[in-house]
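Taking it in order: structure first as structure tokens, then the write-up.
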Amino acid sequence: MLIRTALISDSHEISRLSGELGYAAEASQMAERLRDLTEQRDNIVYVADSGNQLLGWIHAQVRVLVEAPRFVEITGLVVDSAHRGEGIGRQLIAQTEVWAAQSGFTKLRVRTNQKRSDAVQFYNRLGFVLVKSQHVLDKSIE
């Protein structure tokens, strides 16, 4: 398995894996998103490539906030349900840590839904520490 930077041609597989998290998207929509992200140097998308299919992906971005120093946040991570527990997520995070460190950052953050207790345990095992819980509220703009 190879951890590498995502390509536009990975759109179908990334879309398939996103569906496992409940974030369905057509491959064409995913291709458009990947095009946008690859043009921004403050974003990175890595995939775990087995040669015949993707086993997972991770997206991270630099966060710039008024109230805090810049940091890198994992905004998405999924591993194929048939391959969880094989260390793929750990490898994707490790590659993201390398990217963040080489970019001069000393903090990596991730947010996860409270109902995903397995994800919280996974991140805890990798050294992530719970710093707060919050609500996410959306408003449609017309």
Side-chain angles (χ1 to χ4, degrees), residues 1-139 141:
M1 182 193 59
L2 172 68
I3 304 295
R4 62 168 174 80
T5 305
L7 306 170
I8 303 301
S9 59
D10 295 322
S11 298
H12 185 274
E13 281 289 284
I14 291 173
S15 179
R16 175 186 66 81
L17 290 165
S18 295
E20 288 197 22
L21 282 183
Y23 299 108
E26 297 293 324
S28 60
Q29 294 170 309
M30 196 61 69
E32 183 178 332
R33 293 173 192 169
L34 284 171
R35 271 189 214 92
D36 288 344
L37 291 171
T38 57
E39 292 175 3
Q40 301 175 32
R41 65 180 204 102
D42 286 348
N43 283 268
I44 192 70
V45 180
Y46 290 116
V47 295
D49 187 344
S50 72
N52 47 341
Q53 73 174 17
L54 296 185
L55 302 180
W57 61 259
I58 190 169
H59 170 221
Q61 66 180 190
V62 174
R63 296 295 309 253
V64 180
L65 306 173
V66 170
E67 70 276 11
R70 294 164 36 112
F71 61 93
V72 172
E73 183 168 357
I74 296 169
T75 58
L77 170 65
V78 62
V79 172
D80 188 306
S81 59
H83 295 277
R84 291 186 186 146
E86 297 177 11
I88 297 164
R90 179 182 305 269
Q91 290 178 56
L92 288 164
I93 288 174
Q95 185 62 46
T96 301
E97 287 180 16
V98 168
W99 175 77
Q102 289 175 344
S103 301
F105 294 93
T106 58
K107 182 166 89 172
L108 183 60
R109 173 178 284 171
V110 65
R111 300 170 198 258
T112 186
N113 194 319
Q114 291 179 345
K115 70 181 180 181
R116 292 192 168 126
S117 59
D118 56 336
V120 173
Q121 292 172 10
F122 167 75
Y123 290 119
N124 287 158
R125 285 192 304 272
L126 294 180
F128 288 84
V129 178
L130 179 65
V131 292
K132 72 176 180 177
S133 296
Q134 64 185 40
H135 297 279
V136 175
L137 301 103
D138 287 340
K139 179 180 181 184
I141 300 173

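Evaluation of the side-chain hydrogen bond (donor to acceptor under 3.5 Å, both in side chains) rule for E20 yields S81, R84 as partners, not counting sequence neighbours. A search for side-chain hydrogen bond (donor to acceptor under 3.5 Å, both in side chains) contacts involving D118 returns nothing, not counting sequence neighbours. For R35, the side-chain contact (heavy atoms from CB on, under 4.5 Å) partners two or more places apart in sequence, or in a different chain, are I8, A31, E32. Scanning for side-chain contact (heavy atoms from CB on, under 4.5 Å) contacts around T38 gives an empty result, with sequence neighbours left out. By the side-chain hydrogen bond (donor to acceptor under 3.5 Å, both in side chains) test, S133 pairs with Q114, sequence neighbours left out. S28 pairs by the side-chain hydrogen bond (donor to acceptor under 3.5 Å, both in side chains) definition with nothing, not counting sequence neighbours. E13 is linked by a salt bridge (charged side-chain N to carboxylate O under 4.0 Å, His left out) to R16, counting only residues two or more places apart in sequence or in another chain. Evaluation of the side-chain contact (heavy atoms from CB on, under 4.5 Å) rule for D10 yields R4, A6, L7, I14, V47, L54 as partners, not counting sequence neighbours.
Of all the heavy atoms in D80 and A82, the pair that sits closest is OD1-N, 2.8 Å. Contact record, V72 with A100: CG2-CB, 3.7 Å, taken as the closest heavy-atom pair. When every heavy atom of T112 is checked against every heavy atom of R116, the shortest pair comes out as OG1-CB, 4.0 Å. Minimum interatomic distance between F71 and R109 (heavy atoms only, all atoms of both residues): CZ-NH1, 3.4 Å. Between R33 and A25 the shortest heavy-atom distance is NH1-CB, 3.6 Å.
With rounding to the nearest 0.5 Å, the separation of CG in D49 from OG1 in T5 is 11.5 Å. In this structure, I88 CD1 and I93 CD1 are separated by 12.5 Å, a value rounded to the nearest 0.5 Å. Residue I58 holds its CD1 atom at 4.0 Å from CD1 of I74, rounded to the nearest 0.5 Å.
Residue pairs meeting the ring pair (Phe, Tyr, Trp, His ring centres under 6.0 Å) criterion with at least one partner in residues 107-138, sequence neighbours excluded, are Y123-F128. Counting only residues at least two apart or on different chains, no salt bridge (charged side-chain N to carboxylate O under 4.0 Å, His left out) pair has a member in residues 89-102. Residue pairs meeting the ring pair (Phe, Tyr, Trp, His ring centres under 6.0 Å) criterion with at least one member in residues 77-113: none, sequence neighbours excluded.
Here the side chains of Q29 and S15 are not in contact, with every heavy-atom distance at 4.5 Å or above. A heavy-atom distance below 4.5 Å is not found between the side chains of H12 and M30. Between T96 and Y46 the shortest side-chain heavy-atom distance falls below 4.5 Å.
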When the side chains of residues 59-69 are checked against the rest of the protein, which donor-acceptor pairs come out under 3.5 Å, sequence neighbours left out?
unit_1: H59; atom_1: ND1; unit_2: T75; atom_2: OG1; d: 2.5
unit_1: H59; atom_1: NE2; unit_2: N43; atom_2: OD1; d: 2.7
unit_1: Q61; atom_1: NE2; unit_2: N43; atom_2: OD1; d: 3.2
unit_1: R63; atom_1: NH1; unit_2: E73; atom_2: OE1; d: 3.1

Inset, instruction - Walk me through it: do L77 and W57 pass the test side chain to side chain contact (heavy atoms under 4.5 Å, CB included)? - result: CA-CA 6 Å; L77 170 65; W57 61 259; 5.9 Å; no

